[in-house]
Amino acid sequence: MKQNTFKRELKKAFISGLASFMVIWPQPLKLPNVAGRRQDAKQIQKDWENVGKSLKWAMNDYERQYKNG
């Protein structure tokens, strides 16, 4: 994965996760939509798992570059 692609995917995953989170909480007066909230929670989990994978990849790539000089 190239550096620009990594940054783009990281931003996309972060913004998507943040947007999903913001949709859950701003309307406390409406009746709870349990199924919708579960789906949002699953999407947030998936987004943050992708962020974690991207960070792990970046750290490993940096370590490889550091070792190779």
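Numbers here are sequence positions counted from 1. Computed from heavy atoms alone, side chains included, the values below leave out hydrogens, waters and symmetry copies. All of these numbers come straight from a predicted model, not from anything done at the bench.
- Within the model, atoms NZ of Lys56 and CE of Met59 stand 9.0 Å from one another, a figure rounded to the nearest 0.5 Å.
- Electrostatic pairing of Asp40 and Arg37 does not count as a salt bridge here, judged by no charged N lying under 4.0 Å from a carboxylate O.
- For the atom pair CG (Asp47) and CD (Glu49), the distance works out to 9.5 Å, reported to the nearest 0.5 Å.
- By the side-chain hydrogen bond (donor to acceptor under 3.5 Å, both in side chains) test, Gln39 is found to be paired with no residue, residues two or more places apart in sequence or in another chain being considered.
- Not a single donor-acceptor pair under 3.5 Å links the side chain of Asp61 to the backbone N or O of Trp57.
- Between Lys67 and Glu63 there is a salt bridge, since at least one side-chain N of the basic residue sits less than 4.0 Å from a carboxylate O of the acidic one.
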